[in-house]
Student: 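Could you have a look at this structure, given as structure tokens, before my questions?
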Amino acid sequence: MSRPVLVFDSGVGGLSVVTALRQQVPGLPLAYVCDNAALPYGTKPDSWLLRRIVDVCAAAVVASDARVLVVACNTASTLALEALRERLAIPVVGTVPAIKPAARLSRSGVIALLATTATVARPYTDRLIAEFAGHCTVARIAADPLVAQAERWLAGEPLDARVLAECLAPLAAIPQLDTVVLGCTHFPLLRESLASMVPGPLHWIDSGDAIARRVVQVVGEVPQPTVSSGAFLSWATAPEKPGLARAFSGFGFQPPGKISE
């Protein structure tokens with residue numbers, strides 16, 4: 001197998017990006033690393049997170065011999081992309097909330113950004129909205145508990161409908177809302193459940209397809225799909241956490257090995 005594209009996230013949320021990558025480029029070798037020992041990222045101090053993200057990603061790039069790093073985490077991308085590009089000798093592809101395509105898609109001009117507290121509040125998000133959705137009304141909704149729900153869901157545990165309903169309740173109070181941006185890579189893993197709990201037709205949009213298109217541009221020629229002799233490799237800072245191996249195996253990855261924190 002040729003050198004893989006390494007997908008990084010705080011937890012299993014980057015698996016939604018893995019899905020988009022496999023749909024667009026099924027022949028692309030992939031590896032995965034998550035810093036689940038520090039989950040959730042959105043509640044941690046920026047200075048501490050910055051050092052940790054760079055250290056974990058650098059160790060995983062060495063372990064996987066990756067040719068590209070995909071930072072499949074909005075919090076990490078808005079905080080550490082510049083530092084990662086300075087530290088690493090390979091291309092780094094980041095993730096940003098899908099504000100630009102949402103603004104193009106919305107007919108009413110009313111959009112909701114459903115994301116973590118960190119992403120909702122960052123100056124980067126302010127600039128993104130000002131540049132691409134200045135003509136729209138953008139409601140920012142922090143929905144941090146959905147991260148844990150996505151982790152539970154992929155680990156084989158049931159979703160808590162009460163938690164989902166509480167996170168989605170603000171959407172009902174937004175007149176003429178027609179588009180919801182899933183601004184955390186964990187959230188698309190719950191798309192069907194979320195959409196089923198909100199009445200009325202809404203567009204649910206995330207960054208997965210845009211990330212996959214960017215990766216194709218970076219890697220250039222992609223090999224044709226072949227029958228793999230083994231599962232894709234993965235790592236975690238806390239690989240022993242219950243349900244993690246199950247979540248990874250459901251996406252074709254081997255049980256995670258230990259990566260340095």
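From a predicted model like this one, the values you see are computed outputs, not experimental measurements.
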Student: Starting at OG1 of Thr75, measure out to CZ of Arg122 and round the result to the nearest 0.5 Å.
Tutor: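 Answer for the OG1-CZ pair, Thr75 versus Arg122, is 6.0 Å.
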Student: Tell me whether Arg51 is salt-bridged to Asp46, with the criterion being a basic N under 4.0 Å from an acidic carboxylate O.
Tutor: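 Not counted as a salt bridge, because no side-chain N and carboxylate O are separated by less than 4.0 Å.
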Student: Look at the side-chain heavy atoms of Ile, Leu, Val, Met, Phe, Trp and Tyr, link any pair under 4.5 Å apart, and say whether Leu171 and Ile129 land in one connected group.
Tutor: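 Not linked; separate clusters.
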Student: Can you check whether Ile141 reaches Leu113 side chain to side chain, under 4.5 Å on heavy atoms?
Tutor: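 No - every pair of side-chain heavy atoms lies 4.5 Å or more apart.
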Student: Taking side chain as C-beta onward, heavy atoms only, is Asp206 less than 4.5 Å from Trp204?
Tutor: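 No. Closest side-chain heavy atoms not under 4.5 Å.
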Student: In sequence, state the C-alpha distance, the side-chain angles, and the governing distance for Ser64 and Trp235, and then conclude on side chain to side chain contact (heavy atoms under 4.5 Å, CB included).
Tutor: CA-CA 9 Å; Ser64 63; Trp235 292 267; 3.6 Å; yes
Student: Between Phe8 and Ile53, is any pair of side-chain heavy atoms under 4.5 Å apart?
Tutor: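 Yes, close enough: below the 4.5 Å cut-off.
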Student: Compute the ring centroids of Tyr32 and Phe248, then answer whether they are less than 6.0 Å apart.
Tutor: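 Here the rings of Phe248 and Tyr32 have centres that are less than 6.0 Å from each other.
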Student: Could you measure the distance from the CZ atom of Arg191 to the CZ atom of Phe187? Nearest 0.5 Å is fine.
Tutor: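 Taking CZ in Arg191 and CZ in Phe187, the distance rounds to 12.5 Å.
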Student: Within the side chain of Arg67, is there an N or O that forms a donor-acceptor pair under 3.5 Å with the backbone of Val5?
Tutor: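 Pair absent, no side-chain N/O of Arg67 close to backbone of Val5.
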Student: Using only atom types and a distance under 3.5 Å, with no angle test, would you say the side chain of Thr179 pairs donor to acceptor with the backbone of Ile111?
Tutor: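 No, because the side chain of Thr179 does not come within donor-acceptor range (under 3.5 Å) of the backbone of Ile111.
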Student: Is there a donor-acceptor pair closer than 3.5 Å between any side-chain N or O of Arg152 and the backbone N or O of Leu159?
Tutor: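 Pair absent, no side-chain N/O of Arg152 close to backbone of Leu159.
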Student: Can you tell me if CD on Glu157 sees more than 12 non-hydrogen neighbours from other groups inside 6.0 Å?
Tutor: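 Yes, CD of Glu157 has more than 12 neighbouring heavy atoms, counting only those of other groups under 6.0 Å.
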Student: Atom CD of Glu82 and atom CG of Leu50: how far apart are they, to the nearest 0.5 Å?
Tutor: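 Between atom CD of Glu82 and atom CG of Leu50 there are 9.5 Å.
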Student: Measuring from Cys57:SG to Leu6:CG, what's the distance to the nearest 0.5 Å?
Tutor: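 With rounding to 0.5 Å, SG (Cys57) is 7.0 Å from CG (Leu6).
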Student: When hydrophobic residues are tied together by side-chain contacts of less than 4.5 Å, even through go-betweens, does Ile90 share a cluster with Leu233?
Tutor: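 Ile90 and Leu233: one cluster.
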Student: Evaluate the side-chain proximity of Arg140 to Asp126: yes if any heavy-atom separation is below 4.5 Å, no if none is.
Tutor: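 Touching, per the 4.5 Å side-chain cut-off.
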Student: Atom CD of residue position Glu192 - does it have more than 12 heavy atoms of other residues, nucleotides or ligands inside 6.0 Å?
Tutor: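 Incorrect, the count does not exceed 12.
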Student: Using only atom types and a distance under 3.5 Å, with no angle test, would you say the side chain of Lys241 pairs donor to acceptor with the backbone of Asn36?
Tutor: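 Pair found, side chain donor or acceptor close to backbone of Asn36.
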Student: Go through the steps for Val180 and Ile205 under the test side chain to side chain contact (heavy atoms under 4.5 Å, CB included), then give the verdict.
Tutor: CA-CA 6 Å; Val180 179; Ile205 188 167; over 6 Å; no
Student: Under a plain distance cut-off of 3.5 Å, with no hydrogens placed, do Asp144 and Thr117 share a side-chain donor-acceptor pair?
Tutor: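 The answer is yes; a qualifying pair exists.
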Student: Answer whether the closest heavy-atom distance between the side chains of Ser207 and Ile211 falls below 4.5 Å.
Tutor: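 Answer yes - side chains close enough.
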Student: When rounded to the nearest 0.5 angstrom, what is the spacing between CZ in Arg246 and CG in Leu244?
Tutor: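 If we round to the nearest 0.5 Å, Arg246:CZ and Leu244:CG are 12.5 Å apart.
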Student: Looking at Ser77 and Thr95, would you say the former's side chain and the latter's main chain have a donor-acceptor pair under 3.5 Å?
Tutor: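 Yes: the side chain of Ser77 pairs with the backbone of Thr95.
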Student: Would a 4.5 Å heavy-atom cut-off, applied to side chains only, mark Thr125 and Thr119 as touching?
Tutor: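 Side-chain contact under 4.5 Å: yes.
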Student: Can Val93 be reached from Leu28 by stepping across I, L, V, M, F, W or Y side chains whose heavy atoms are under 4.5 Å apart?
Tutor: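 Shared cluster, yes.
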Student: Determine whether Leu190 and Phe251 fall in the same hydrophobic cluster, where Ile, Leu, Val, Met, Phe, Trp and Tyr are linked whenever their side-chain heavy atoms lie under 4.5 Å apart.
Tutor: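 Linked, Leu190 and Phe251 end up in one cluster.
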Student: Charged N to carboxylate O below 4.0 Å: is that the case for Glu131 and Arg127?
Tutor: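 Salt bridge between Glu131 and Arg127, a charged N being under 4.0 Å from a carboxylate O: no.
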Student: Any link between Leu84 and Val96 through a network of hydrophobic side chains (Ile, Leu, Val, Met, Phe, Trp, Tyr) touching at under 4.5 Å?
Tutor: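 Shared cluster, no.
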Student: Would you name the heavy atoms of Phe253 and Leu30 that are closest together and state the gap between them?
Tutor: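 The answer is CE2-O, 4.1 Å.
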Student: Search all heavy atoms of Ala38 against all heavy atoms of Lys44 and return the closest pair with its distance.
Tutor: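 Looking at all heavy atoms of both residues, the closest pair is O-NZ, 2.9 Å.
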Student: Checking Val12 against Cys34 for the side chain to side chain contact (heavy atoms under 4.5 Å, CB included) test, could you report, in this order, the C-alpha distance in whole Å, the side-chain angles of both residues, the deciding distance, and whether it holds?
Tutor: CA-CA 7 Å; Val12 301; Cys34 68; 5.7 Å; no
Student: With a 3.5 Å cut-off and no angle check, do the side chains of Ser106 and Asp178 form a donor-acceptor pair?
Tutor: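 Side-chain D/A pair, Ser106 to Asp178: present.
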Student: Would you say Ser16's side chain and His186's backbone share a donor-acceptor pair under 3.5 angstrom?
Tutor: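 Judged by distance alone, no pair lies under 3.5 Å.
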Student: Can you see which heavy atom on Asp160 is nearest to which on Gln149, and at what distance?
Tutor: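 Taking Asp160 first and Gln149 second, the nearest heavy atoms are N-OE1, 2.8 Å.
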Student: What distance separates Leu114 CG from Cys167 SG, expressed to the nearest 0.5 Å?
Tutor: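 Nearest 0.5 Å value for the CG-SG distance: 7.0 Å.
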Student: I'd like to know whether Arg104 forms a side chain to side chain contact (heavy atoms under 4.5 Å, CB included) with Phe132, so could you lay out the CA-CA distance, the side-chain angles of the two residues, the decisive distance to 0.1 Å, and finally the verdict.
Tutor: CA-CA 9 Å; Arg104 290 176 173 172; Phe132 298 113; over 6 Å; no
Student: Can you tell me if Thr78 uses its side chain to pair, donor with acceptor, with the backbone of Asn74 under 3.5 Å?
Tutor: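 Pair found, side chain donor or acceptor close to backbone of Asn74.
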Student: Taking all heavy atoms of Ser260 and all of Ala59, pick out the closest pair and write down the distance.
Tutor: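 Shortest heavy-atom separation between Ser260 and Ala59 comes out as OG-CB, 3.3 Å.
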Student: Taking all non-hydrogen atoms of both residues, which atom of Leu88 and which atom of Ala58 are closest, and how far apart?
Tutor: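 Of all heavy-atom pairs spanning Leu88 and Ala58, the closest is CD2-CA, 3.9 Å.
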Student: Would you mind reporting whether Val215 and Val25 have side-chain heavy atoms less than 4.5 Å apart?
Tutor: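 Answer no - side chains too far apart.
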Student: Determine whether Val7 and Leu69 make a side-chain contact, defined as any pair of heavy atoms from C-beta on separated by less than 4.5 Å.
Tutor: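 Heavy-atom side-chain distance check fails, nothing below 4.5 Å.
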Student: Examine distances only and state if a side-chain atom of Gln254 and a backbone atom of Ser234 form a donor-acceptor pair shorter than 3.5 Å.
Tutor: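 Pair absent, no side-chain N/O of Gln254 close to backbone of Ser234.
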Student: Of all heavy-atom pairs between Arg87 and Val54, which one has the smallest distance, and what is that distance?
Tutor: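 Nearest pair, atom of Arg87 first, then Val54: NH1-CG1, 3.1 Å.
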Student: Any side-chain donor-acceptor pair under 3.5 Å between Thr237 and Asp35?
Tutor: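 Judged by distance alone, the side chains do pair up.
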